[in-house]
Amino acid sequence: MAFIKRKERSKERFSLLLLDLEEYYFEQHTVYHVTTSSAKKRKIRGSLKVCSKSIIFEPEDHVEPILKIPLRDCKKIEAVEEKDQNPFNESKPAGLTILCKQVYLIKENNVVAPYRVERGDSTFLFHLEVSSKTEDVVQTLLQLHRASCLDKLGDQTAMIAANLQSRLARTSFDKNSFQNVSEIPHMECEAEMVTPLVTNPGHVCITDQSLYFQPLNGYPEQVVRIELHRVKQIYKRRHGLRPLGLEVFCTENDFCSDIYLKFYKTSDRNDLYYYIATFLENHMVEHTAESYMLQWQRGHLSNYQYLLHLNNLADRSGNDLSQYPVFPWIIADYSSTELDMMNPATFRDLSKPVGALNKERLERLLSRYRDMPDPCFMYGSHYSSPGYVLFYLVRVAPEHMLCLQNGRYDNADRMFNSIGETWKNCLEGATDFKELIPDFYGNDPSFLLNCLSLDLGKRQGGSSVQDVVLPPWAADASDFLQKSQKALESQYVSEHLHEWIDLVFGFKQKGSEAVAAHNVFHPLTYEGGIDCDSIEDPNEKIAMMIQILEFGQTPTQLFTTPHPQRITPRFQSISRTPSVNTPLNELSPASTSEDSSFEDLTEETRRLAWNNIAKLKLMSTHKIHKEAVTGIAVTRTASSVFTTSQDSTLKMFSRESNGLQRSMSFSNMALSSCLMLPEDKAVVCSSWDNNVYFYSIPFGRRQDTLMGHDDAISKMCWKDNQLYTASWDSTVKVWQCDSADIANNKRCQFELLAEFEHEAGVNTINLNPAGTLLVSGTKDGTATIWDTSSSVQLHQVHCHSGKIHDMAFSPDSRHVLSVGEDSCLKVIDVQTGMMISSVQADEEQRCFCWDGNTVLSGGQSGHLQVLDLLSNKVTTRIPGHSGAVTAMWMNEQCSTVITGGEDKQIIFWKLDC
């Protein structure tokens with residue numbers, strides 16, 4: 001309902017919704033409406049609006065009705081001059097007289113209600129305040145009257161369009177509207193600003209600082225300005241199934257854009273899009289359905305957020321009611337007093353379209369479909385159309401409904417009276433297959449309440465239409481929305497939502513899969529179903545455009561293969577809470593002697609540390625991220641700690657000042673791992689956006705980018721100027737990178753040396769200390785050991801029933817340890833490839849460090865555990881994080897540990913020997 005709230009800024013009674021669909025408002029003049037009643041002459045001051053199909057008079061007195069005179073109903077339009085009998089008196093102002101067959105009276109007593117129609121010949125006299133303009137206004141009205149009286153709709157439209165283009169050609173963007181005199185204009189063209197049911201023509205101008213739209217009629221404001229630096233996203237749009245639209249967002253809210261423009265030429269639209277995209281390339285990352293899918297799968301987007309993103313990518317917009325965002329019916333129980341979220345019967349079958357939910361009705365529809373000549377379709381109406389959107393929103397958007405239905409509300413018994421009745425009709429009605437809109441899962445219940453005290457009519461039983469009747473399990477409208485939200489984010493819906501996405505946005509939308517899924521709508525609703533520009537007959541073309549706009553449109557197809565199920569069992573809250581840092585105390589290396597101990601290490605000190613690893617003590621916690629920590633890298637002096645997170649940021653934490661020093665973001669997608677290059681001059685970060693980013697520590701900026709994969713990069717390793725990258729695209733790649741160039745702030749020449757192919761996405765990798773062997777772990781639980789010098793596969797072992805989280809060689813390179821989502825720890829012999837040990841843990845372990853015999857691992861609960869592999873027993877559990885431990889770093893001395901978790905914290909640990 002964002003578009004409704006935006007309209008509240010105007011206190012005028014007139015709005016473009018008073019026009020007919022596809023009608024334009026051209027100009028306005030201050031006039032006096034002269035009326036004669038009981039021999040008494042009255043002059044009512046107001047504004048005369050000249051529109052392409054009507055004349056509208058808006059009185060200044062809000063008690064008086066707005067008059068709308070359709071031009072097609074006019075019998076006579078002429079200029080008149082009233083002359084006084086006394087020759088010494090000056091002649092009175094010229095007037096405009098209109099004789100018409102009918103007139104609409106709107107907003108009488110300033111009340112929004114169905115229009116009242118007065119039929120029969122009526123004469124209206126208007127005196128223009130600037131009388132010299134009278135003759136020009138008359139000629140304009142006569143020209144538009146001729147267009148309205150043409151027999152064929154195509155001819156009418158063509159003549160009005162010619163008038164519009166002539167007006168646009170005679171005007172240009174007023175550069176006095178620039179906010180800054182130093183602005184440099186880049187391009188100017190004509191376009192129309194689109195709001196629900198309305199298009200408003202004008203001039204577009206884009207400069208090096210701003211995007212401007214200047215309405216031809218100066219309504220609702222003289223100029224609309226968008227500062228380019230505020231733009232967050234831009235989307236190309238279909239409008240009427242034609243590639244002419246562009247929508248600009250200055251907030252992260254995918255439901256409410258700042259401007260929607262429809263261009264007359266696709267080339268103009270594209271030029272403007274690429275100019276803005278080029279301007280924003282360092283500030284904005286282009287989203288894809290796949291990138292959102294990855295975030296949703298891993299629980300970083302709620303079901304609601306994900307559906308909004310998909311709608312946006314599929315050309316659905318709150319500004320276009322023929323392509324309004326579509327959401328599914330989720331709940332199927334509207335009769336119980338309690339809503340049981342644990343009962344599958346509570347929910348609608350998301351694998352079927354609404355039309356296929358009732359088996360008996362479906363059989364009748366299929367019988368008709370089989371006998372239908374081409375083009376054949378199963379459903380004669382769509383699941384989303386302007387009429388359906390306003391059916392739900394009539395209580396908050398009554399003027400939109402009156403605009404759509406020629407000044408009338410629908411029959412009271414056919415209105416949105418009851419949630420349960422509407423659901424029942426969608427199941428049983430012969431032509432009702434509508435889905436829901438996002439408002440059913442939002443926070444504003446006003447669309448369910450008659451807060452405006454509208455007179456929406458009386459039902460057959462005599463009761464008036466008031467608030468929507470809610471199901472018994474809803475205490476009130478707010479409670480209904482809260483429970484609907486909870487249902488949308490429930491376990492059942494999270495497990496099955498991908499099935500509905502397949503129908504509406506995915507591979508079951510078209511073709512044989514759509515037929516098999518009983519998901520076939522009229523061909524005109526599909527993108528590419530008709531090319532309006534190729535239709536030569538103007539009447540047929542206009543009729544086709546009107547049918548497309550009013551019937552509804554199928555979203556752009558986003559996926560052509562089955563949509564994957566959600567990975568995480570349920571969506572986890574991503575609410576932001578303030579971080580609480582505890583003192584770092586004695587963790588930071590304060591003396592030169594301790595610093596030197598990081599470099600002067602012996603096997604004896606490591607062995608001693610591992611023998612006492614159970615004495616690890618928590619020193620401090622720091623919540624520096626907004627999402628789960630994914631990687632930890634530390635400088636050789638241990639003075640700075642770098643961490644990556646699913647919140648897309650790289651953070652630099654100072655151990656000396658015990659505080660956050662820097663925060664960097666390279667894209668809006670999660671960073672998955674990080675590592676420190678030799679000489680501590682650069683940090684390398686991998687991302688879910690398929691790229692590797694090199695961050696220069698001395699210069700404090702991104703130094704280079706490696707676009708290395710076709711899917712998210714999960715993990716990296718570095719050895720001797722070679723970077724190893726693992727990806728969900730089922731490959732591990734080896735790149736030649738000169739660390740000296742990176743350290744000297746030079747652009748690096750990345751050379752692909754080798755590529756290791758897998759059967760599934762690679763989730764983790766690890767190198768042995770010498771860098772001669774690499775082990776990779778995939779999402780299907782397979783571990784593969786590779787010879788890095790020859791790129792030959794040595795062994796492949798399917799060791800886990802779920803994906804592998806982490807793997808590492810033992811210090812002597814004889815064994816590989818892996819942990820997976822099956823809660824098992826597996827040890828593989830490198831020489832033979834045999835699995836020599838398997839330990840079933842109490843909970844899923846996510847990451848670890850080990851010395852070949854003892855394992856320090858981080859589990860799903862957030863605790864650390866010490867496992868003795870010789871006895872296969874957990875010897876110690878150490879409380880730590882409040883969510884799963886997702887990253888772990890240990891210094892070479894094995895006396896200091898840093899962990900990161902899903903609780904967004906990093907924790908510093910020290911061995912208390």
Side-chain angles (χ1 to χ4, degrees), residues 7 10-21 23-77 95-128 137 141 144-145 148 197-198 219-220 390 394-395 397-412 415 452-458 464-465:
K7 294 296 176 187
S10 174
K11 295 181 180 179
E12 289 183 306
R13 291 198 298 161
F14 171 78
S15 84
L16 298 178
L17 293 168
L18 301 184
L19 279 61
D20 292 347
L21 294 177
E23 183 178 7
Y24 299 112
Y25 164 36
F26 286 142
E27 60 191 55
Q28 72 89 26
H29 302 274
T30 301
V31 301
Y32 294 89
H33 177 210
V34 182
T35 65
T36 303
S37 175
S38 303
K40 182 180 179 183
K41 185 179 290 187
R42 293 178 61 211
K43 285 188 175 183
I44 304 171
R45 193 172 191 270
S47 174
L48 189 74
K49 320 285 186 182
V50 177
C51 306
S52 59
K53 298 178 183 179
S54 62
I55 307 163
I56 296 177
F57 173 67
E58 179 193 15
E60 290 183 350
D61 185 349
H62 286 191
V63 175
E64 297 288 335
I66 294 174
L67 304 178
K68 178 178 178 180
I69 305 171
L71 285 167
R72 67 177 179 276
D73 293 328
C74 292
K75 291 184 174 181
K76 184 190 296 184
I77 301 173
L96 163 67
T97 184
I98 300 170
L99 173 63
C100 64
K101 294 185 292 186
Q102 67 176 5
V103 60
Y104 293 92
L105 283 71
I106 305 170
K107 294 187 179 178
E108 295 180 89
N109 296 311
N110 206 27
V111 174
V112 175
Y115 305 167
R116 184 164 64 88
V117 184
E118 284 190 355
R119 294 182 173 85
D121 289 356
S122 300
T123 301
F124 296 90
L125 175 62
F126 299 100
H127 286 168
L128 272 71
V137 173
L141 291 176
L144 294 171
H145 177 254
S148 296
L197 302 181
V198 169
Y219 179 88
L390 294 178
V394 63
R395 288 168 177 80
E399 293 185 74
H400 290 80
M401 177 63 86
L402 294 172
C403 175
L404 184 67
Q405 301 204 149
N406 299 314
R408 301 185 303 273
Y409 293 134
D410 203 351
N411 180 282
M415 296 194 80
L452 300 177
S453 300
L454 301 169
D455 182 1
L456 298 172
K458 292 185 180 297
S464 60
V465 176

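- With ring centers used as reference points, Phe124 lies 6.0 Å or more from Phe57.
- Within the 4.5 Å cutoff, the side chain of Val198 has heavy atoms near those of the Leu17 side chain.
- With 3.5 Å as the limit, one finds a donor-acceptor pair spanning the side chains of His29 and Glu27.
- Considering CG of Leu99 and CG of Asp73, their distance stands at 11.0 Å, rounded to 0.5 Å.
- How far CZ of Arg45 is from CD of Glu60: 4.5 Å, rounded to the nearest 0.5 Å.
- In this structure, the side chains of Ile55 and Val50 stay at 4.5 Å or more apart for every pair of heavy atoms.
- With values rounded to the nearest 0.5 angstrom, Leu48 atom CG is found 12.5 Å from His127 atom NE2.
- The pair Glu58-Arg13 does not count as a salt bridge, with every side-chain nitrogen at least 4.0 angstrom from each carboxylate oxygen.
- In this structure a side-chain-to-backbone donor-acceptor pair under 3.5 Å is present from His145 to Cys74.
- Scored by the salt bridge (Lys or Arg N to Asp or Glu O under 4.0 Å) test, Glu23 finds no partners at all (sequence neighbours excluded).
- The salt bridge (Lys or Arg N to Asp or Glu O under 4.0 Å) check on Lys101 picks up nothing, with sequence neighbours excluded.
- Among all heavy-atom pairs drawn from Pro114 and Leu402, the shortest one is CA-CD2, 3.8 Å.
- The backbone N or O of Tyr24 sits less than 3.5 Å from a side-chain atom of Ser52, completing a donor-acceptor pair.
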Intermediate values then yes/no, side-chain contact (heavy atoms from CB on, under 4.5 Å), Val465 and Lys458:
CA-CA 6 Å; Val465 176; Lys458 292 185 180 297; over 6 Å; no
If you apply the rule salt bridge (charged side-chain N to carboxylate O under 4.0 Å, His left out), what do you find for Lys68 with Asp20, and how did you get there?
CA-CA 11 Å; Lys68 178 178 178 180; Asp20 292 347; 2.8 Å; yes
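- Among all heavy-atom pairs drawn from Ser54 and Leu71, the shortest one is N-CD1, 3.6 Å.
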Take Val63 and Asn110 through the side-chain contact (heavy atoms from CB on, under 4.5 Å) test and state the conclusion after the steps.
CA-CA 6 Å; Val63 175; Asn110 206 27; over 6 Å; no
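- The shortest heavy-atom contact between Tyr219 and Phe14 is OH-O, 3.0 Å.
- To the nearest 0.5 Å, atoms OG1 (Thr97) and NZ (Lys76) are separated by 7.5 Å.
- Minimum interatomic distance between Tyr409 and Ala113 (heavy atoms only, all atoms of both residues): OH-CA, 4.4 Å.
- For Asp455 (side chain) and Gly457 (main-chain N/O), a donor-acceptor pair under 3.5 Å exists by modelled atom type.
- Going from atom NZ of Lys53 over to atom OG of Ser148 covers 7.5 Å, rounded to the nearest 0.5 Å.
- Of all heavy-atom pairs spanning His400 and Leu197, the tightest one is O-CD1, 3.3 Å.
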Show your reasoning for whether side-chain contact (heavy atoms from CB on, under 4.5 Å) applies to Arg395 and Leu452.
CA-CA 7 Å; Arg395 288 168 177 80; Leu452 300 177; over 6 Å; no
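- Of all non-hydrogen atoms in Leu144 and Cys51, the two that sit nearest each other are CD1-O, 3.4 Å.
- A 4.5 Å side-chain heavy-atom check between Ile98 and Phe126 finds at least one atom pair inside the cut-off.
- Of the candidates Ile56, Leu18, Val112, Ile106 forms a side chain to side chain contact (heavy atoms under 4.5 Å, CB included) with just one, namely Leu18.
- Qualifying side chain to side chain contact (heavy atoms under 4.5 Å, CB included) partners for Glu118, counting only residues two or more places apart in sequence or in other chains: Val103, Leu105, Arg116.
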Tell me, with the steps shown, if Ile77 and Leu96 meet side-chain contact (heavy atoms from CB on, under 4.5 Å).
CA-CA 7 Å; Ile77 301 173; Leu96 163 67; 3.9 Å; yes
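- Considering NZ of Lys107 and CG of Asn109, their distance stands at 13.0 Å, rounded to 0.5 Å.
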